Enquirer: 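One structure, pasted below without further comment.
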Amino acid sequence: MPRSLPQRARASWLCFGLASVPAVFAEPVSPAGAQAQAQAEALAPVVILATRGARQWLDVPASVDVVEGDTIRDARLRINLSESLGRVPGLVVLNRQNYAQDLQISSRGFGSRSTFGVRGLRLYVDGVPASFPDGQGQVSHFPLTQAERIEVMRGPFSALYGNSSGGVIALTTQLPRGEPQFVVSGAYGSDGTWRAGLAGSGGTERASFALDAGRFETDGTRPHSAARRDSVHLRVALDDIPLGRLRVSLNSLAMPDAQDPLGLTRAQFDADPDQTSPLARQFYTRKTTRQTTIGGDLRSDLALFGVPLTLTTTAWLGERSVTQFQAIPVTTQLNPGSPGGVIDFDRGFGGADLRATMQFATVTASVGVNVELMDEARRGFENFVGPPTAPTLGVQGKLRRDEDNRVQALDAYAQVEWRLAPAWSAHAGVRGSTIDVRSDDRFIRGTNGDDSGETSFSAVNPTLGLVYRPGASWSVYAAYGRGFETPTLNELAYRPDGSAGLNTALEAARSDNVEVGTKLVAGHWRAALALFSVRTDDEIVVRTNAGGRASFGNVARTRRDGIEASVQWQPQGRVSATASLTWLDARFDTPFLTCGPAPCLTPTLPVTRGNALPGVPEFTAFAEVRYRASWADLVAEWRAQSEIAVDDRNTDAAGGYAVLGLSVARTLLVLGKPRLFARVDNLFARRYAGSIIVNEGNGRFFEPAPGRTWLAGLDWPL
């Protein structure tokens, strides 16, 4: 049973009390030691890997931020990227408080229209894609406890990753050498939320490993939002094999029956943001997910005619299965063209990337080829059994859809970096992409006929960049890139008349990206400023909404203009600070017609030129202050966001907010040096919509954020 509020409060204060035991039990930190540590951190160079080759941060003509492993782990639940990536300017990571739908992530507005999962961004774990070739991706399997770093790239050079690369998020797990060490970790907090895990790492110069395994459970912040997640991530490094250096990783995730509380209408949200839509319980909306991926990369250092040559080969295989029960009215499901109210698919995916890099005197050149394949068996069932007049809901019923889908992507790319002079370097790249989509209908409806179909997309996207280094600690850069974003399988799945079958009239969106910026590393300061402008043609938007399904079209041109700024201060002392700010003006640049409430098969409602893109805040801000006391680490974290429109017509908006979180962590000198922590988020219990469901056809736009929450936990080395 859930604890009462007084019990939770006592548990919270108990955890804070444990962190305040006498200093003789704490890890001693002398002022000189703290100063040396802070100075070492301040002077440590930042090396960027997201450029497909190690580069100093100042030499990269792009906005790239690195979130280190200690920031990801310390005093956090370590389940959601939203816990640690809110500090990255230009990136919006919204926690839906709904584990049936994953996070809502956008980069400079790309990906904001996703109603579930992540789209418009390329995602990687240890070099293995977490995005499928159609552009849809997931982040629920990211192993945060063993993360060494997460790199986030925005802007023109993201296009080097191909389709749907409006931004890149790449996680790398750590592979430390030395005696194997295992750490038991756990946390417990509000709403019956808990996590237990085992992490381990170690090895020699020839072989090493990293393990991250755990279970997460929560009762959810609203009724009917409970979830459980079991995950395992294993990475092995072999550095002395005949072919070179090999890294292999295995990742597995299982989430059975994650409950979906659905969004709330404006009236429901205003009346009680803690409630759940009655339809969620009526149809027992839920989602079961299983995913396993195995991948590896091999690096071989060779020489060709005396020129250093590096071959990097990456390959991966995986499978993903999903069964999701939706709240589709029975009368709608009975329509002959309806695929029902239960989505069920089994997906196999894989790919390979082969890249050759050559280093000349002043030129580094890379060429590569990438192939990705996804095969999907998709079925649809009715979400009821029995007579339609007295149905039993929330139970899988008759088969209404049965098809095989295939997405295949083939890319070739090249990159060149040329050191023009000691202070000047030029960067150029080009990527040619072809994506083929095919659907074979195995469930022929008598009146609708065969819904099979196929379509393809292709693009050649160049990138150009120039970096000037006026001094050792300062750089100025300019960059241009052209990118494209294909519709996902889900966006292709329905035609404008609401029937199933590929919407072959839908085209890919194409963008021109321009960015100028400057970076500075001086003493104990690190700062960056970027100005950017993006113009997108054939933007993909909702056209019709009927039968519980949306169809999409290319009817608008959009613009995104913005400024990103960040600063880090790490002086020779106990205090450090980080801050970031983003201003983003993202709007439709042409008027068009869209649909209103479902059912709607004919767009009649005008979207005015200048309307804000839904799901994109104009302002986001982050600030963190850390104080390393002799007895504990104290952190204050502040986040703010302006309002976001809920639909293309801007008929409503989720209000802006600012929230404050506090945490304390302490390492004890007993029994392996366990580290205890406690934190409080949303300290002043601000009630607001933490995310929205963009263009939700029934007006259930709002997904409430929780009020004040607490969490306490520990990491205990064995």
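Given the structure is predicted, the values throughout are model-derived calculations rather than measurements.
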Enquirer: Just by modelled atom types, is the Pro261 backbone N or O under 3.5 Å from a matching donor or acceptor in the Thr276 side chain?
Expert: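 No: the side chain of Thr276 does not pair with the backbone of Pro261.
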Enquirer: Step by step, work out the side chain to side chain donor-acceptor pair (under 3.5 Å) result for Ser439 and Ser452.
Expert: CA-CA 5 Å; Ser439 180; Ser452 300; 5.9 Å; no
Enquirer: Distance from Thr173 atom OG1 to Ile150 atom CD1, nearest 0.5 Å?
Expert: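 It comes to 11.0 Å.
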Enquirer: What I'd like to find out is whether the side chain of Arg290 reaches to under 4.5 Å of the side chain of Ser321, using heavy atoms alone.
Expert: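 Counting from C-beta outward, Arg290 and Ser321 do come under 4.5 Å.
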Enquirer: Do Glu372 and Phe349 pass the side-chain contact (heavy atoms from CB on, under 4.5 Å) test, and can you show the C-alpha distance, the side-chain angles, and the key distance before you say yes or no?
Expert: CA-CA 8 Å; Glu372 298 182 37; Phe349 57 90; over 6 Å; no
Enquirer: Side-chain donor-acceptor pair under 3.5 Å between Gln146 and Asp212, yes or no?
Expert: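 Side chains of Gln146 and Asp212: no pair found under 3.5 Å.
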Enquirer: Is there a side-chain contact between Pro133 and Val407 in this structure, where contact means two heavy atoms from C-beta onward sitting under 4.5 Å apart?
Expert: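 The answer is yes; the side chains approach within 4.5 Å.
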Enquirer: Please check: side-chain N/O of Gln396 versus main-chain N/O of Val342, any donor-acceptor pairing under 3.5 Å?
Expert: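 No, Gln396 side chain to Val342 backbone: no donor-acceptor pair under 3.5 Å.
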Enquirer: When you compare the side chain of Pro704 with that of Phe269, does any pair of heavy atoms fall below 4.5 Å?
Expert: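 Yes, close enough: below the 4.5 Å cut-off.
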Enquirer: Taking the six-membered ring for Trp, are His233 and Phe142 closer than 6.0 Å centroid to centroid?
Expert: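 No, the ring centres sit 6.0 Å or more apart.
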Enquirer: Which heavy atom of Val542 sits nearest a heavy atom of Thr594, and at what distance?
Expert: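 Closest approach of Val542 to Thr594: O-OG1, 3.2 Å.
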Enquirer: Taking the six-membered ring for Trp, is the centroid-to-centroid distance between Tyr99 and Phe216 below 6.0 Å?
Expert: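 Yes, the ring centres sit under 6.0 Å apart.
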Enquirer: Would you find more than 12 non-hydrogen atoms of other residues, nucleotides or ligands less than 6.0 Å from Arg378 atom CZ?
Expert: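 Buried by this count: over 12 neighbours within 6.0 Å.
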Enquirer: Looking at Asn554 and Ala509, would you say the former's side chain and the latter's main chain have a donor-acceptor pair under 3.5 Å?
Expert: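 Such a contact is absent between Asn554 side chain and Ala509 backbone.
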Enquirer: For the residue pair Asn163 / Thr486, report whether a side-chain donor-acceptor contact shorter than 3.5 Å exists.
Expert: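 Yes, side-chain donor-acceptor contact under 3.5 Å.
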Enquirer: Please report the C-alpha distance between Leu399 and Phe443 in whole Å, then the side-chain angles of each, then the deciding distance to 0.1 Å, and finally whether the side-chain contact (heavy atoms from CB on, under 4.5 Å) criterion is met.
Expert: CA-CA 9 Å; Leu399 180 69; Phe443 186 77; 4.0 Å; yes
Enquirer: Provide the closest heavy-atom pair for Asp102 versus Ser140 in the form atom of the first, atom of the second, distance.
Expert: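 Looks like OD2-N, 3.6 Å.
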Enquirer: Kindly compute the distance separating CG (Leu711) from CZ (Arg76), expressed to the nearest 0.5 Å.
Expert: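 Answer for the CG-CZ pair, Leu711 versus Arg76, is 11.0 Å.
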Enquirer: Quick one: does Ser131's side chain have a donor or acceptor within less than 3.5 Å of a partner on Leu121's backbone?
Expert: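 Looks like yes, one N/O pair under 3.5 Å.
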Enquirer: Using the side-chain hydrogen bond (donor to acceptor under 3.5 Å, both in side chains) rule, pick out the option among Gln104, Glu703, Gln101, Gln97 that qualifies with Ser691.
Expert: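 The passing option is Glu703.
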Enquirer: Decide whether a cation-pi geometry holds between Arg686 and Tyr657; the criteria are a distance under 6.0 Å from NZ or CZ to the six-membered ring centre and an angle within 45° of the ring axis.
Expert: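 No.
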Enquirer: Tell me whether Thr288 contacts the main-chain N or O of Asp257 through its side chain, where contact means a donor paired with an acceptor under 3.5 Å.
Expert: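 Confirmed, Thr288 side chain pairs with Asp257 backbone.
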Enquirer: For residues Leu81 and Leu103, determine if any side-chain heavy atom of one lies less than 4.5 Å from a side-chain heavy atom of the other.
Expert: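 Yes, side chains in contact.
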Enquirer: Look only at the side chain of Arg406 and the backbone of Asp440, and say whether a donor-acceptor pair between them is shorter than 3.5 Å.
Expert: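 Side chain of Arg406 to backbone of Asp440, a donor-acceptor pair under 3.5 Å: no, none is there.
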Enquirer: Quick check: do Gln291 and Arg347 have side-chain heavy atoms less than 4.5 Å from each other?
Expert: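 When only atoms from C-beta onward are counted, Arg347 and Gln291 do not touch, as no gap falls below 4.5 Å.
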Enquirer: Any idea which heavy atoms bring Val125 and Pro143 closest together, and the distance?
Expert: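 Scanning both residues, the minimum pair turns out to be CG1-CD, 3.9 Å.
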Enquirer: Side chains of Asp126 and Ser249 only: does a donor on one sit below 3.5 Å from an acceptor on the other?
Expert: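 There is no such pair between these side chains.
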Enquirer: So, does Asn80 use its side chain to make a donor-acceptor pair with the main chain of Ser82 at under 3.5 Å?
Expert: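 No.
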Enquirer: Looking at Glu319, I want to see if its CD is surrounded by more than 12 non-hydrogen atoms of other residues, nucleotides or ligands under 6.0 Å.
Expert: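 No, not enclosed.
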Enquirer: Less than 3.5 Å apart, any donor N or O on the side chain of Asn98 or Asp260 sitting next to an acceptor on the other?
Expert: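 Yes - a donor-acceptor pair under 3.5 Å links their side chains.
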Enquirer: Sub-3.5 Å donor-acceptor pair from the side chain of Gln326 to the main-chain atoms of Ile328, do we have one?
Expert: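 Checked: no pair found.
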Enquirer: Under 3.5 Å, is there a donor on one side chain and an acceptor on the other for Asp344 and Thr323?
Expert: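 Checked: Asp344/Thr323 side chains pair up, N/O donor to acceptor below 3.5 Å.
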Enquirer: May I ask you to test the Asp441-Arg401 pair for a side-chain heavy-atom distance under 4.5 Å?
Expert: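 Asp441 vs Arg401: side chains apart.
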Enquirer: Of the non-hydrogen atoms in Leu264 and Asp272, which two are nearest, and what is the gap between them?
Expert: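 Closest pair (atom of Leu264, atom of Asp272, distance): CD1-O, 4.0 Å.
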Enquirer: Look at the side chain of Asp191 and the backbone N and O of Thr193, then say whether any donor-acceptor pair between them is shorter than 3.5 Å.
Expert: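 Judged by distance alone, no pair lies under 3.5 Å.
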Enquirer: Tell me, please, which residues at least two apart from Ser185 pass side-chain hydrogen bond (donor to acceptor under 3.5 Å, both in side chains).
Expert: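 Checked Ser185 against side-chain hydrogen bond (donor to acceptor under 3.5 Å, both in side chains); matches are Arg195.
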Enquirer: Taking the side chain as every heavy atom from C-beta outward, state whether Val139 and Leu123 have any pair of such atoms under 4.5 Å apart.
Expert: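 In short, these two side chains touch, coming nearer than 4.5 Å.
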Enquirer: So, do Asp647 and Val607 sit near enough that their side-chain heavy atoms are less than 4.5 Å apart?
Expert: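 No; the side chains remain at least 4.5 Å from each other.
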Enquirer: Kindly give the heavy-atom pair with the smallest separation between Phe702 and Arg266, and that separation in Å.
Expert: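 Scanning both residues, the minimum pair turns out to be CZ-NH2, 3.4 Å.
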Enquirer: Using a 3.5 Å distance criterion without hydrogens, assess whether the side chain of Arg229 forms a donor-acceptor pair with backbone atoms of Leu253.
Expert: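 No; zero donor-acceptor contacts below 3.5 Å.
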Enquirer: Set out, in order, the CA-CA distance, both residues' side-chain angles and the distance that settles side-chain contact (heavy atoms from CB on, under 4.5 Å) for Val437 and Leu492, then state yes or no.
Expert: CA-CA 9 Å; Val437 183; Leu492 286 167; 4.1 Å; yes
Enquirer: If I compare all heavy atoms of Pro223 with all of Arg281, which pair ends up nearest, and what's the gap?
Expert: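 So the two residues come closest at CB-NH2, 2.9 Å.
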